[in-house]
Amino acid sequence: MASLYDRWIHVPEIDLQIQAVLGLYASHGFPGCIGSVDCVHVPWDRCQAWLRSLYCGKEGFPMISYKVVVSHDGRILSVTP
């Protein structure tokens, strides 16, 4: 899993990168923003029976939700289950 993180997750670390992203979002009316958030719900076909009620949503079957933060250029900054 760590190798996937290192390959796909790109958090701005250099102050110049952070300031560039902040400046771009500010110019579009979003001061202080460094990314955009979205969530995706993925069906969990092999959910254990005892967990089913905890993970069932309005769809009626178990799902896992992932929050993804991306930068203005589509780079993934964060993924959390």
Revision key, fill the gap. Which of Asp73, Leu77, Ile34 passes side-chain contact (heavy atoms from CB on, under 4.5 Å) with Val21? It is Ile34
Practice item. Report the residues that fulfil side-chain hydrogen bond (donor to acceptor under 3.5 Å, both in side chains) with Ser65, sequence neighbours left out, ordered by chain and then residue number. Key: none
Review point. Side chains of Tyr25 and Ser36: does their closest heavy-atom pair fall under 4.5 Å?
Key: yes
Check your understanding: Residues in side-chain contact (heavy atoms from CB on, under 4.5 Å) with Ile14, at least two apart?
Key -> Leu16, Gln17
Check your understanding: Who passes side-chain contact (heavy atoms from CB on, under 4.5 Å) against Val68, sequence neighbours left out?
Key -> Val70, Ile76, Val79
Exercise for review: Working to the nearest 0.5 Å, report the span between CE of Met63 and SG of Cys47.
Suggested key: 12.0 Å
Review point. Looking at SG of Cys33 and CG of Leu24, how far apart are the two atoms once the value is rounded to the nearest 0.5 Å?
Key: 9.5 Å
Exercise for review: Starting at NE2 of His41, measure out to CD of Glu59 and round the result to the nearest 0.5 Å.
Suggested key: 7.0 Å
Practice item. Could you give me the CA-CA distance, side-chain angles and deciding distance for Lys67 and Val37, then say whether side chain to side chain contact (heavy atoms under 4.5 Å, CB included) is met? Key: CA-CA 7 Å; Lys67 179 185 75 174; Val37 178; 3.6 Å; yes
Review point. So, do Thr80 and Tyr66 sit near enough that their side-chain heavy atoms are less than 4.5 Å apart?
Key: no
Exercise for review: Treat each ILVMFWY residue as a node, draw an edge where side-chain heavy atoms are under 4.5 Å apart, and state whether Phe30 and Ile18 are in one component.
Suggested key: yes
**Study point:** Separation of Ile64 CD1 from Tyr55 OH (nearest 0.5 Å)
**Key:** 6.5 Å
Review point. Just wondering, more than 12 heavy atoms not from Phe61 lying within 6.0 Å of its CZ?
Key: yes
